[in-house]
There are 2 protein chains.
Amino acid sequence: MTHSSAAKSANPSTRDRIVVVAARLIQRQGYVGTGIKQIAKEADATLGSVYHFFPGGKEAVAVAALAYSAEEFAEMLREGLEGAGAGAGDGGPGAAIERCAGELAVALRESGWIDGCPVTAAALETLGTDSEIQRVCAEALRGWERIVEERLAAAGLAPGDARELATTVISTLEGAEVTAQVSRSEEPLRAAGRQLARLVGTYV
Amino acid sequence: MTHSSAAKSANPSTRDRIVVVAARLIQRQGYVGTGIKQIAKEADATLGSVYHFFPGGKEAVAVAALAYSAEEFAEMLREGLEGAGAGAGDGGPGAAIERCAGELAVALRESGWIDGCPVTAAALETLGTDSEIQRVCAEALRGWERIVEERLAAAGLAPGDARELATTVISTLEGAEVTAQVSRSEEPLRAAGRQLARLVGTYV
DNA sequence: ACAGGTCTAGAACGAACGCTCTACTTAATG
DNA sequence: CATTAAGTAGAGCGTTCGTTCTAGACCTGT
């Protein structure tokens, strides 16, 4: 780790401010819809600073921003899932996943339905290209799946079941988030949480 | 219906060509990433023609294109689900949904992983705005949910269950499609299909 | 023949895009 | 104090964006 890796300290460096602002803007407006100049302005930086820290230009900024967003989301996922022990005392992994979906729903509503999944928008826009952005998004999804998979395995599921279920959990949360944003309602995420809990319940 | 509503006839009108081409381009590159001039060029039309048929400009073209894509997808969904009768002779609605997921996976692979859900990309990009595009995307999702809901209700599910399951099915397919595109693999859609079939099976 | 829509054709506009460039200020090191 | 690197600052490059505009081609009814 370097001396400053986009931490949310009280006095973030210029580079960190650029990464954090870019992450938020890309999350809301997508990769194509977010301009370098807008990033610079909202991060209280200048164009010169942006190109100083990211000689690779817009794509390099986006890669750093997406990696940051991905880790942020992974953290949220880990915290949300760790509450569920291996036993059934707290409802098991199904209840934990349902709780995660609920948290996502609340956060989404509080943001005015605009702060959705940080990588979906960027990933879809750059599908045709062979950009580095693709790789970061793919890694993010794999990483999130792995977190869920380990949680399910810890709850006693067979490795194959845990793997396939984890993939589906991430896909469902992803899709439910989009549906919730478009319909401006918590219900898709709530429904997805309940159904996922029911589905997980059929394995334990 | 008018005399020509973007039908795939042998001699499509200029307007229809614009709609079809715009639908495909927006599906692949998103709303912001697709230019009016690119649409005109690939549809063998001129800028003048585009603005003649769509005085509302780019947004009007996108609205027509998304409505067309939405109906196209709805058709596919209806055909995929109608095979499943009310009885369990053909596996029931769960198997039908799994078959739909399989069809999506094949079509996605054959397109080189670029022809995903026609409305997701556009919906995410225009979330912050109060554009008409939003409304079309929301209606599309609701329409697809209704198709699945009716299919589940016809299979004997309670109205409440059918509704909530339908929402989850659409969300999951949506998310699994994105995941499949990003990871360039059929597996997310296959897994989602199997898990959805299992989930539906717990109701019948 | 002629008038009046419908449709085609593309030049041109102002704005915004990503990016490059030079000039300036600050900080650390000999 | 001199030197060098790091970081800040923004004007300006060429390009592309969505849109507007004028002009011509085509068809139909009288």
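Every chain is numbered from 1 and lettered A, B, ... according to where its sequence line falls, protein lines coming before strand lines.
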- request: Considering just the side-chain nitrogens and oxygens of A:S49, establish if one lies under 4.0 Å of OP1 or OP2 belonging to D:dA9.
  value: no
message: Under the rule for side chain to side chain donor-acceptor pair (under 3.5 Å), what residues qualify as partners of A:T34, not counting sequence neighbours?
response: A:Q29
- prompt: Where each residue is assigned the nucleotide of DNA chain C containing its nearest heavy atom, which of B:L47 and B:R17 is assigned the position nearer the 5′ end?
  reply: B:R17
query: Do B:R190 and B:E187 meet the salt-bridge criterion of a basic N to acidic O distance under 4.0 Å?
result: no
Between D:dG18 (P) and B:L25 (CG): distance, integer Å: 12 Å
Residues which pass salt bridge (charged side-chain N to carboxylate O under 4.0 Å, His left out) with A:E75, listed by chain and number, not counting sequence neighbours: A:R78
field: Residues forming a side chain to side chain contact (heavy atoms under 4.5 Å, CB included) with B:F54, sequence neighbours excluded
entry: B:R15, B:I18, B:V19, B:A60, B:V61, B:A64
field: Sole residue of A:V200, A:I147, A:D161, A:V204 in side chain to side chain contact (heavy atoms under 4.5 Å, CB included) with A:L152
entry: A:V200
query: The side chain of A:T46 lies closest to which of these nucleotides: D:dT8, D:dT20, C:dA9?
result: D:dT8
message: Salt bridge or not between B:R142 and B:E145? Use side-chain N to carboxylate O under 4.0 Å.
response: yes
- line: Within residues 52-63 of chain A, those residues having any heavy atom closer than 4.0 Å to DNA chain D are A:H52, A:F53
Could you pull out all donor-acceptor pairs under 3.5 Å where a side-chain atom in residues 37-44 of chain A meets a protein atom, sequence neighbours excluded?
none

- line: Hits for salt bridge (charged side-chain N to carboxylate O under 4.0 Å, His left out) against B:R109, two or more places apart or cross-chain, chain-then-number order -> B:E186
- request: Report the residues that fulfil salt bridge (charged side-chain N to carboxylate O under 4.0 Å, His left out) with B:E132, sequence neighbours left out, ordered by chain and then residue number.
  value: B:R135
field: Atom-to-atom span, OH of B:Y51 to C1' of C:dA12 - whole angstrom
entry: 14 Å
message: According to salt bridge (charged side-chain N to carboxylate O under 4.0 Å, His left out), who are the partners of B:E164, at least two apart in sequence or on a separate chain?
response: A:R194
message: Below 4.0 angstrom, which residues in residues 28-45 of chain A have at least one non-hydrogen atom near DNA chain C?
response: A:T34, A:G35, A:I36, A:K37
Every protein N/O lying under 3.5 Å from an N/O of nucleotides 24-29 of chain C:
none

Atom pairs, N/O to N/O, protein against nucleotides 23-27 of chain D, distance under 3.5 Å?
none

Donor-acceptor under 3.5 Å (B:Q134 side chain, B:L127 main chain): yes
Rounded distance in Å - CZ (A:R15) to P (D:dG7): 10 Å
query: Who pairs with B:Y203 by ring-ring contact (aromatic ring centres under 6.0 Å, His included), at least two apart in sequence or on another chain?
result: none
task: Tell me, with the steps shown, if B:S171 and B:T168 meet side-chain hydrogen bond (donor to acceptor under 3.5 Å, both in side chains).
output: CA-CA 5 Å; B:S171 290; B:T168 304; over 6 Å; no
